[in-house]
Amino acid sequence: MINVPRGTKDLLPGEVEKWQHLEELVRHLCKLYGYQEIRTPIFEHTELFARGIGETTDIVQKEMYTFEDRGGRSITLRPEGTASVVRAYLEHHLYNQPQPVKLYYIGPMFRYDRPQAGRYRQFHQFGLECLGSHDPAVDAEVICFTWDYFQRLGLKKFTIELNSIGCPICRPRYTKALKAFFEPYQDSLCSFCRERLHRNPLRVLDCKVPQCQELGKNAPVLLENLCEECQKHFSDVQSYLRVLKIPFVINPRLVRGLDYYTHTAFEVVFSELGAQASIAGGGRYNNLVEAYGGPPVPAVGVAVGIERLLLALEKSGVQLLPPKEPIIFVATAAGDSRPWLEQEAMLLLMELRNAGFRAEKDYLGRSLKAQMKSAGKIGARYVLILGEEEMAAGEVVIRDMRAGNQFSVPRENVLKTIVEMKDKEEG
RNA sequence: GUGGGUGUAGCUCAGCUGGCCAGAGCAUCAGGUUGUGGCCCUGAGGGUCGUGGGUUCGAGUCCCAUCACCCACCCCA
């Protein structure tokens with residue numbers, strides 16, 4: 001018996017419909033916001049991620065699905081979407097198109113993590129990337145999209161956390177000050193933070209160990225040390241959000257690991273999910289395109305985790321299953337002429353489907369009784385019964401499964417009658 | 001990668017301190033007379049008790065290992 005690989009799962013009927021619904025809304029909103037879909041490969045040269053995401057991050061250091069292909073190339077299953085989009089933007093010279101270029105993607109991502117609630121090795125994201133504009137309005141648009149999307153789905157109790165992590169001018173200045181601040185207390189920090197202090201000092205402020213928190217209380221605050229330009233950008237983004245009436249809270253400890261990330265950082269948190277509370281994250285990355293060897297193109301983006309969103313929606317009591325298409329079941333009565341009736345049934349199915357109805361019949365050679373039973377089980381709205389006698393008289397029985405009554409109509413009027421009943425029902 | 005919990009039919013679970021206990025409900029399929037559903041009744045199929053070792057006369061039931069899932073840490077979607 002072979003099972004799915006660890007950290008992956010099958011999506012069965014009953015569940016996929018929810019995914020389809022989420023995806024449809026993504027596509028619909030992207031149309032409204034002017035984002036066009038881009039499909040990139042799910043694997044790339046390892047170097048793309050190593051350079052773009054950062055050699056020092058956990059993703060690159062221990063979470064990548066990397067392998068050598070038969071040609072000896074190092075290949076990695078994408079752990080996130082931005083790197084590929086930027087690669088494609090450069091590779092196809094999209095910077096020569098009218099700017100900004102607004103793209104969205106949707107699909108599987110892969111990280112070799114230890115699975116737990118809301119965390120899988122193959123998980124799914126959709127994301128937006130807007131390349132080519134510095135305008136804080138774009139930051140606001142991306143956040144607005146995210147908020148709009150969750151709002152339309154009916155998600156409750158989520159929080160948009162916002163921060164600015166500065167730029168290559170002010171952040172290094174700040175991290176240096178931060179290091180200088182903590183260094184005298186190094187021995188009092190937890191072992192993780194001692195490591196963090198070198199790799200990513202901002203994270204020390206986010207540590208949960210009480211002692212580290214205590215020490216961090218008097219540390220310099222990034223938001224108070226932004227350069228003028230960063231401050232302006234940050235306050236502009238906030239102004240836009242206020243005008244749009246999008247609620248947010250400022251979380252000074254919200255951090256992005258790398259130098260390519262600049263200015264805006266935001267996350268959408270659904271606290272009831274526990275340890276994996278973050279259902280979306282995004283921000284600006286004004287230096288990534290250049291880092292990949294392209295022109296200096298500013299950009300901002302967001303990624304939404306579908307599995308986590310689904311969990312959050314469930315906790316919000318959101319019903320995602322769309323109403324089912326009414327089923328018309330064609331049954332045949334037993335008897336010597338059943339083979340012929342079966343052919344008639346197939347023909348009727350086709351007619352119904354051509355007219356836009358969902359139509360089904362039995363394929364297990366069941367008795368009429370059993371056919372009725374299974375029609376009831378799958379929730380058929382009407383059952384058309386092809387009986388020997390009626391057919392001989394040129395008639396078909398239409399049974400209304402909800403009302404529990406039935407009547408005969410001439411064979412040639414079956415479609416017409418069904419359409420009439422449907423129209424009547426829909427008022 | 002570290003720590004804790006769990007693992008019995010498709011699903012939810014029972015099986016006390018090791019010995020006819022391999023079970024229930026639901027689901028599936030078939031019947032309840034001759035051409036009709038939803039309720040009810042009857043019956044059937046389906047399990048190497050996660051896997052592999054070990055202890056024992058004998059192991060779902062004890063021990064070890066392994067795998068998977070869940071939860072937490074790390075990190076993130």
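We use all heavy atoms of the structure for the numbers below, so side chains are in, but hydrogens, waters and symmetry mates are not. Just so we're on the same page: letters track the sequence lines, and every chain starts at 1. What you see is a predicted model, and the numbers here were worked out from it, not measured in a lab.
- To the nearest whole angstrom, the two C1' atoms, one in B:C21 and one in B:G58, are 15 Å apart.
- Looking at the side chain of A:Ala117, the nearest of the listed nucleotides B:C71, B:G37, B:A77 is B:C71.
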Next item on the list: Quick one: do A:Phe126 and A:Glu23 satisfy side-chain contact (heavy atoms from CB on, under 4.5 Å)? Show the steps, please.
Entry: CA-CA 9 Å; A:Phe126 73 84; A:Glu23 289 162 6; over 6 Å; no
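- Going from atom CZ of A:Arg308 over to atom P of B:C75 covers 14 Å, rounded to whole Å.
- Partners of A:Gln151 according to the side chain to side chain contact (heavy atoms under 4.5 Å, CB included) rule, which considers only residues two or more places apart in sequence or in another chain, are A:Trp147, A:Phe158.
- Taking atom C1' on both B:G18 and B:C57, the two are 12 Å apart, rounded to the nearest angstrom.
- For the P atom pair drawn from B:U51 and B:U42, the interatomic distance equals 33 Å after rounding to whole Å.
- Here A:Gln371 lies out of heavy-atom contact (under 4.0 Å) with every strand.
- If you measure from atom CZ of A:Arg381 to atom P of B:U36, you get 22 Å, rounded to the nearest angstrom.
- Applying the side-chain contact (heavy atoms from CB on, under 4.5 Å) test between A:Pro136 and each of A:Glu141, A:His263, A:His233 identifies A:His233 as the sole match.
- Among the atoms of the strands shown, base atoms are found under 4.0 Å from some heavy atom of A:Glu390.
- Distance from the side chain of A:Arg111 is smallest for B:A77 among the nucleotides B:G38, B:G35, B:A77.
- Sparse packing is recorded around CD of A:Gln36, with 12 or fewer heavy atoms of other residues, nucleotides or ligands lying under 6.0 Å away.
- Considering only side-chain atoms of A:Arg119, the nucleotide from B:C76, B:C73, B:G35 that sits closest is B:C73.
- Under the side-chain contact (heavy atoms from CB on, under 4.5 Å) test applied with A:Leu320, the options A:Glu17, A:His21, A:Glu314 reduce to a single match, A:His21.
- Here A:Lys377 does not reach the OP1 or OP2 of B:G38: none of its side-chain N or O atoms lies under 4.0 Å away.
- With B:G37, B:G31, B:G35 as the candidates, the nucleotide lying closest to the side chain of A:Ser367 is B:G31.
- Per the geometry, CG belonging to A:Leu128 stands 15 Å off C1' belonging to B:A77, to the nearest Å.
- Toward the 5′ end of RNA chain B lies the nearest nucleotide of A:Pro115, the other residue of the pair A:Pro115 and A:Glu307 mapping further downstream.
- As judged by a 4.0 angstrom heavy-atom cut-off over every strand, A:Gly118 is placed among the base-contacting residues.
- The residue A:Glu80 sits apart from the nucleic acid: no heavy atom pair falls under 4.0 Å.
- Judged purely by distance below 3.5 Å, without hydrogens or angles, the side chains of A:Tyr292 and A:Glu91 never pair a donor atom with an acceptor atom.
- One can place CZ of A:Phe329 at 14 Å from P of B:G37, the figure rounded to the nearest angstrom.
- Nucleotides B:C16 and B:G50 have their P atoms positioned 14 Å apart, rounded to a whole Å.
- Taking atom CG of residue A:Asn251 and atom C1' of nucleotide B:C76, one finds them 15 Å apart after rounding to whole Å.
- Among the heavy atoms of the strands lying under 4.0 Å from A:Ile385 is at least one base atom, whether or not backbone atoms are also near.
- With salt bridges taken as basic N to acidic carboxylate O contacts below 4.0 Å, none links A:Glu420 and A:Lys424.
- Between A:Arg114 and A:Val304, the one whose closest nucleotide on RNA chain B sits nearer the 5' end is A:Arg114.
- The distance from atom CZ of A:Phe150 to atom P of B:A77 is 13 Å, rounded to the nearest whole Å.
- Computed from coordinates, the A:Phe158 CZ to B:A77 P distance equals 18 Å when rounded to whole Å.
- Contact of the A:Arg366 side chain with the A:Ser374 side chain is registered, since non-hydrogen atoms from C-beta on lie closer than 4.5 Å.
- Aromatic ring orientation, A:Tyr112 versus A:Tyr65: perpendicular (interplanar angle above 60°, classes split at 30° and 60°).
- Distance noted for atom C1' between B:U61 and B:C20: 16 Å (whole Å).
- Base orientation of B:G15: anti (glycosidic angle beyond 90° from 0).
- Using atom C1' as the reference point in both B:A27 and B:G43, the two lie 16 Å apart (nearest Å).
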Identify each donor-acceptor pair in which a side-chain atom of residues 299-313 of chain A lies under 3.5 Å from a protein atom, sequence neighbours left out, and give them as a table.
{"unit_1": "A:Glu307", "atom_1": "OE1", "unit_2": "A:His124", "atom_2": "N", "d": "2.9"}
{"unit_1": "A:Glu307", "atom_1": "OE2", "unit_2": "A:His124", "atom_2": "N", "d": "3.2"}
{"unit_1": "A:Glu307", "atom_1": "OE2", "unit_2": "A:His124", "atom_2": "ND1", "d": "2.8"}
{"unit_1": "A:Arg308", "atom_1": "NE", "unit_2": "A:Gly118", "atom_2": "O", "d": "2.7"}
{"unit_1": "A:Arg308", "atom_1": "NH1", "unit_2": "A:Ser278", "atom_2": "O", "d": "3.0"}
{"unit_1": "A:Arg308", "atom_1": "NH2", "unit_2": "A:Gly118", "atom_2": "O", "d": "3.3"}

Under 3.5 Å, which donor-acceptor pairs link side chains of residues 397-418 of chain A to any protein atom two or more places apart or in another chain?
{"unit_1": "A:Arg399", "atom_1": "NH1", "unit_2": "A:Gln406", "atom_2": "OE1", "d": "2.7"}
{"unit_1": "A:Asp400", "atom_1": "OD1", "unit_2": "A:Arg381", "atom_2": "NH1", "d": "2.7"}
{"unit_1": "A:Asp400", "atom_1": "OD1", "unit_2": "A:Arg402", "atom_2": "N", "d": "2.9"}
{"unit_1": "A:Asp400", "atom_1": "OD1", "unit_2": "A:Ala403", "atom_2": "N", "d": "3.0"}
{"unit_1": "A:Arg411", "atom_1": "NH2", "unit_2": "A:Glu351", "atom_2": "OE2", "d": "3.0"}
{"unit_1": "A:Thr417", "atom_1": "OG1", "unit_2": "A:Asn413", "atom_2": "O", "d": "2.6"}

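- With both ends at atom C1', the span from B:G15 to B:A22 equals 9 Å, rounded to whole Å.
- Taken together, the paired segments of RNA chain B that extend over three or more consecutive Watson-Crick or G-U pairs, each closer than 3.5 Å at both contacts, are B:1-7 with B:67-73, B:10-13 with B:23-26, B:28-32 with B:40-44, B:50-54 with B:62-66.
- Between A:Gln116 and B:A72 there is a side-chain N or O to OP1 or OP2 distance below 4.0 Å.
- A:Ala331 comes within 4.0 angstrom of nothing in the nucleic acid, heavy atoms only.
- Heavy atoms of A:Arg366 sit under 4.0 angstrom from primed sugar atoms or phosphate atoms, though from no base atom.
- Residue A:Met372 contributes atom CE, which lies 10 Å from atom C1' of B:G35 at whole-angstrom precision.
- Between B:G5 and B:A9, the distance separating the two C1' atoms is 24 Å to the nearest Å.
- For A:Asp113, the side chain to side chain contact (heavy atoms under 4.5 Å, CB included) partners are A:Glu63, A:Arg119, not counting sequence neighbours.
- Of all the residues in residues 5-35 of chain A, A:Arg6, A:Gly7 reach under 4.0 Å from RNA chain B with at least one non-hydrogen atom.
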